[in-house]
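Here is how names work: the chains are called A, B, and so on, in the same order as the sequence lines, proteins then strands, and each is numbered from 1.
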There are 2 protein chains.
Amino acid sequence: MSATTPTPSPAAEAEWLHLDRQICFSLHAASRAFNGVYRVILKDLGLTYPQYLVMLVLWEQGDLPVKKLGEHLRLDSGTLSPLLKRLEAAGLVHRERSTRDERSVEVRLTEQGAALREQALEVPRRIVSATGFDVDEIRALKARLDQLTGTLDSAALEDGSC
Amino acid sequence: MSATTPTPSPAAEAEWLHLDRQICFSLHAASRAFNGVYRVILKDLGLTYPQYLVMLVLWEQGDLPVKKLGEHLRLDSGTLSPLLKRLEAAGLVHRERSTRDERSVEVRLTEQGAALREQALEVPRRIVSATGFDVDEIRALKARLDQLTGTLDSAALEDGSC
DNA sequence: GGTCATTTAGTTGTGTGCAATTGAATTGTG
DNA sequence: CACAATTCAATTGCACACAACTAAATGACC
């Protein structure tokens, strides 16, 4: 229990706890608020937020195996498999075992899925408008968040005590 | 379908779609990366990230009815009820119908729940360390995110077409 | 005092997110 | 060729998040 670091005063640690409450709550709330705005806007397209992310990747990258899709989105098959099933049930994508490598499943846009892109074109404008930020501010925030994600990911791997 | 707004060129809209893919993915990824780091660090305490948020509020504010807890965290009973049940099963909180107003349920820290705060004192330091940011940078990011959340929430209420 | 709207928790159903496991297919190695 | 290790998708189990609904209690109004 007596750590190697010189223990800070209890009052100082309590302050950190208070700060932590503020920070982690802020990020958590921002993420959910964003999700909420997307939910409203995407309802017209019949998509959830994560489903929209998948469609964005497919519109941009074309057909992809589940593995590649997961790398783009940092999601594993545990999340993607049921999500893709729903997209398939909605008629937006088609899943097919690759003939070259039968472990792999190719995700292809259907005609309907490709056509949905037209309706999605207005989504970003509405989102940006909802944030109240201009494009430069958004880019700056994105850079900040990417930096944070990168550091956090490497920190999670190390899993050190401090 | 011919909107009142002067339709931007398809190429420009496609660029926005590309930017949107970058932005919403960044926030989504940052949120999950944060969640992941908390998951690792909180495992020692036997708490999930949202459970930790609840405990932080209780440590700071003392006993609260579910309603107040929900206001602090912006969560409704659909999320809090099962979460609080799990915290109660873990022996960290106690739930009791208020005698003044029997609709209300008071959430109280148990002795064990209050004692857990001691072990939680080191969490923020480890989190901040994992972010690689200094305190000022974190405060700045928090301010940014709070601003974003505020704007998004009001935008979600209006639900306008743009 | 009795009726109706409101407040408050809880429940149900859907959709992620992630760890852990399973099972099939492929690759590497002797 | 045989056999072990690896890769990939799917499944299972658990824990949010949120919309929609239920049920009980309270308050407001006539």
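- Taking atom CG of residue A:Asn35 and atom P of nucleotide C:dT16, one finds them 10 Å apart after rounding to whole Å.
- Within the cation-pi definition used here (under 6.0 Å to the ring centroid, within 45° of the axis), A:Arg139 does not qualify as a partner of A:Phe133.
- As rounded to whole Å, 13 Å separates atom C1' of C:dG17 from atom CG of A:Leu73.
- Side-chain contact between B:Leu58 and B:Gln61: absent, with no pair of heavy atoms (C-beta onward) separated by less than 4.5 Å.
- The distance from atom OH of A:Tyr38 to atom C1' of C:dG15 is 18 Å, rounded to the nearest whole Å.
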Enumerate the protein-to-nucleotides 14-16 of chain D contacts in which both atoms are nitrogen or oxygen and the separation is below 3.5 Å.
from, atom 1, to, atom 2, distance (Å)
D:dC16, OP1, B:Thr48, OG1, 2.8
D:dC16, OP2, B:Gln51, NE2, 2.9
D:dC16, OP2, B:Arg86, NE, 2.9
D:dC16, OP2, B:Arg86, NH2, 3.4
D:dC16, O5', B:Arg86, NH2, 3.3

Mind running side-chain contact (heavy atoms from CB on, under 4.5 Å) on B:Leu80 and B:Val66 for me, showing each step along the way? CA-CA 8 Å; B:Leu80 284 176; B:Val66 174; 4.3 Å; yes

Under 3.5 Å, which N/O atoms of the protein pair with N/O atoms of nucleotides 21-29 of chain D?
from, atom 1, to, atom 2, distance (Å)
D:dT26, OP1, B:Glu102, N, 3.4

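- A donor-acceptor pair under 3.5 Å is formed between the side chain of B:Trp59 and the backbone N or O of B:Gly113.
- Below 30°, between 30° and 60°, or above 60°: for B:Tyr52 and B:Tyr38 the angle between ring planes is between 30° and 60°, a tilted geometry.
- Distance, B:Leu53 CG to D:dA17 C1': 13 Å, rounded to whole Å.
- Taking the six-membered ring for Trp and the full ring otherwise, B:His28 and A:Phe34 have centroids separated by 6.0 Å or more.
- The phosphate of D:dA17 has neither OP1 nor OP2 within less than 4.0 Å of any side-chain N or O from B:Arg74.
- OP1 and OP2 of C:dT16 both lie 4.0 Å or more from every side-chain N or O belonging to B:Arg32.
- The distance between atom CG of A:Leu75 and atom C1' of D:dA9, rounded to the nearest whole Å, is 15 Å.
- Residue A:Lys67 contributes atom NZ, which lies 13 Å from atom C1' of C:dT26 at whole-angstrom precision.
- The CG atom of B:Asp76 sits 14 Å away from the P atom of C:dT11 (whole-angstrom rounding).
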Would A:Glu106 and A:Arg97 count as a salt bridge (Lys or Arg N to Asp or Glu O under 4.0 Å) if you check the C-alpha gap in whole Å, the side-chain angles of each, and the deciding distance to 0.1 Å? CA-CA 6 Å; A:Glu106 198 79 11; A:Arg97 286 269 162 200; over 6 Å; no

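- Dense packing is recorded around NZ of A:Lys142, with more than 12 heavy atoms of other residues, nucleotides or ligands lying under 6.0 Å away.
- Going from atom CG of B:Leu84 over to atom P of C:dG10 covers 8 Å, rounded to whole Å.
- Residues A:Ser81 and A:Arg39 both approach DNA chain D. Their nearest nucleotides, taken by heavy-atom distance, put A:Ser81 toward the 5′ side.
- Looking at heavy-atom distances under 4.0 Å, A:Lys85 makes contact with sugar-phosphate atoms alone, never a base.
- Using a 4.0 Å cut-off between a side-chain N of Lys or Arg and a carboxylate O of Asp or Glu, A:Arg126 and A:Asp44 qualify as a salt bridge.
- Phosphate proximity of C:dA9 to B:Ser104: present, with a side-chain N or O under 4.0 Å from OP1 or OP2.
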